[in-house]
Amino acid sequence: MTQEQLWQVLDPLWADPRVLSALFCGSAATIVLLKWLGHRQIQQKMEEARRTRDLALERMEKAARRFKQENPGTQTAHILSLTMVELAEKLKEGSLSPESVLYSYIGKALEVNQEVNCVIDFVHGCEDQLQKLKKQKEKGLLYGIPVSIKDHIDCKGHVSTGGLVKFLGQVKEEDSVIVQVLKSQGAIPFVKTNIPQTMINYDCSNLIFGQTLNPLNHQKTPGGSSGGEGALIAGGGSLLGIGSDVAGSIRLPSSFCGLCGLKPTGFRISKLGVISPIAGMSSVIGMLGPIARDVDSLALCMKALLCEEMFRLDPTVPPIPFDEEVYTSSKPLRIGYYEEDGYFQPSPSMKRAVQQTRKLLQEAGHTIVPFAPPKIDYMVDELFTRGIFSDGAAHLVDSFKGDIVDPNLKSQFNTYRLPALLKRILAIILKPIYPRIARDLSALCGVGSAKNLWDQHVAVAVG
Ligand SMILES: CCCCCCCCCCCCCCCCCCCCCC(=O)NCCS(=O)(=O)O
């Protein structure tokens, strides 16, 4: 049949309004059906992930119950009251067994989880790690210490979700380097903890596992993105957690939950085996780091991590061990500080904490020098915000494909996905009334070209 003949057959049909409206309704119905099917598929994947989580929690509960029945004399309350350094000493000298510590913390983590919804998985390999430790002659620096791990850090046999559907079902075949190093030092990774969807957020909620609450006040968030860690440790269900931080994700939950946290210097700890929806972003350096109840725990953790095993497993990590001499030295230091950075308004309690710290350091004989962070607007807007979103938030927006946006992220997400031209126009309109929002919107447009990205990297390096 020639094209002409085909048109002769079709033409009268096209002209018929009933055919046109049937075609229109059919297409609309197909679109709605496809959307509904897609939505249902996403919901099913999320339900499956929740079922897996519930099974893991049941397994955890069974393990804790069995240990309690077999060891009724375990002094759980005493174990849970010890600081990490005290616990490490008792485990090393053998006055406490790693089993009694692990199962005490498993039981407590379950309790805290019921209250604040912070645990998303039970690292079942922890029981094998326990058996392995008992056979080892050498006791590492973290011998027998249970450690909680943020969702996105790979643990063999488990999924790192990022709070996103696209990562569900991807069971990791290997432990991340940090988990391998923790284990080599005798630590026992035992649970994985909740995060906000994508982790580019300061709350702690995702549609797969829900909202985590702050154990100090259930009306409040524990902060994010390492919010599950903050909530679990503050509730007493863990004494050491590994979080990550590119823009406050260790520091904020630590602050909101009354804990200590450390974002180490860039590249100090291996990030091999850690997922991220913005993995290629390198203008602002994210790092893994510890969260704990006190500074000594952070120091012990860093001492343990900065070891030969880490340098061997990831040769890109500078082989510089923890400097014990500097840490324990009482030599007077010259320390810079500021009460306000000139950009973010500190809360009165934060200001008070800085003032109290300054006083204590002065009393200890150190010289305290106030300073103002230089070029703060440029640093925050151009290097930090435009750095994190140097691709115009394209990767972040992409990571939501085949997913549903958590309501807590919706306004953030809607701003990210505005076309660059619209962001620019809005920035111009808003500049006279809301100059900061205008600068944020402009920064969210990204750098525009590879050349500009290189320039930004140079600007970050030279300040
Ligand atoms: C219609 C016009 C509406 C105008 C509204 C404009 C609002 C402008 C908002 C701009 C927001 C930009 C602020 C930047 C927010 C950055 C948030 C970054 C959170 C990162 C947390 C973190 O450290 N995550 C860790 C990630 S990793 O290291 O583990 O990968």
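Atoms within a ligand are numbered from 1 in the order they appear, just like the ligands themselves.
- In summary, Arg439 and Glu382 do not engage in a salt bridge, as defined by a charged side-chain N under 4.0 Å from a carboxylate O.
- By the 4.5 Å heavy-atom criterion applied to side chains, Asp403 and Met46 are counted as neighbours.
- Between Tyr416 and Phe389, the ring planes lie tilted relative to each other; the angle falls in the 30° to 60° range.
- The existence of a salt bridge linking Lys156 and Glu173 is excluded, since no basic side-chain nitrogen approaches an acidic carboxylate oxygen closer than 4.0 Å.
- Any N or O atom pair closer than 3.5 Å counts here, and Met199 shares at least one such pair with ligand 1.
- The closest protein non-hydrogen atom to atom 10 (C) of ligand 1 is Asp440 CB, 3.7 Å.
- Listed by atom number, the atoms of ligand 1 under 4.0 Å from Gly248 heavy atoms are 23 (O).
- Considering Ala247, Pro253, Ser249 only, the shortest heavy-atom separation from atom 24 (N) of ligand 1 involves Ser249.
- The pair Asp54-Arg51 does not count as a salt bridge, with every side-chain nitrogen at least 4.0 angstrom from each carboxylate oxygen.
- At a threshold of 4.0 Å, the pair Asp128-Lys132 does not count as salt-bridged, since none of the basic side-chain nitrogens sits closer than that to a carboxylate oxygen.
- Shortest contact from atom 13 (C) of ligand 1 to any protein heavy atom: Thr385 CG2, 4.4 Å.
- Remark: minimum distance from atom 14 (C) of ligand 1 to any protein heavy atom is reached at Phe389 CE1, 3.8 Å.
- For the residue pair Ser442 and Arg386, a side-chain donor N or O sits within less than 3.5 Å of a side-chain acceptor on the partner.
- Ion pair Lys45/Glu48 not flagged as a salt bridge, since none of the NZ, NE, NH1 or NH2 atoms sits closer than 4.0 Å to an Asp/Glu carboxylate oxygen.
- Short contacts between ligand 1 and Ser225, defined as distances under 4.0 Å to a heavy atom of the residue, involve ligand atoms 24 (N), 25 (C).
- Looking from atom 1 (C) of ligand 1 to the surrounding protein, the closest heavy atom is Leu426 CD1, 4.0 Å.
- Ligand-side atoms of ligand 1 in range of Asn201: 19 (C), range being under 4.0 angstrom from any heavy atom.
- Taking only nitrogen or oxygen atoms, main chain and side chain alike, Gly286 does not reach within less than 3.5 Å of ligand 1.
- The nearest protein atom to atom 3 (C) of ligand 1, hydrogens excluded, is given as Thr415 OG1, 4.7 Å; this is a heavy-atom distance.
- Taking the side chain as every heavy atom from C-beta outward, Ser270 and Ile178 never approach each other to under 4.5 Å.
- Using a 4.0 Å cut-off to heavy atoms of His152, the atoms of ligand 1 that qualify are 29 (O).
- Salt bridge status for Asp121 with Arg53: absent, with no side-chain N to carboxylate O gap under 4.0 Å.
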* Report the C-alpha separation of Glu58 and Leu55 in whole Å, then their side-chain angles, then the decisive distance to 0.1 Å, and conclude whether the side chain to side chain contact (heavy atoms under 4.5 Å, CB included) test is met. => CA-CA 5 Å; Glu58 264 173 41; Leu55 285 175; 4.1 Å; yes

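- Scanning the protein heavy atoms around atom 18 (C) of ligand 1, the nearest turns out to be Tyr202 OH, 3.7 Å.
- Of the N or O atoms in Ser244, one or more lie within a sub-3.5 Å distance of an N or O in ligand 1.
- The protein heavy-atom contact nearest to atom 30 (O) of ligand 1 is Ser276 OG, 4.0 Å.
- Listed by atom number, the atoms of ligand 1 under 4.0 Å from Val246 heavy atoms are 22 (C), 23 (O), 24 (N), 25 (C), 26 (C), 28 (O).
- For atom 5 (C) of ligand 1, the closest non-hydrogen atom on the protein side is Ile437 CG2, 4.2 Å.
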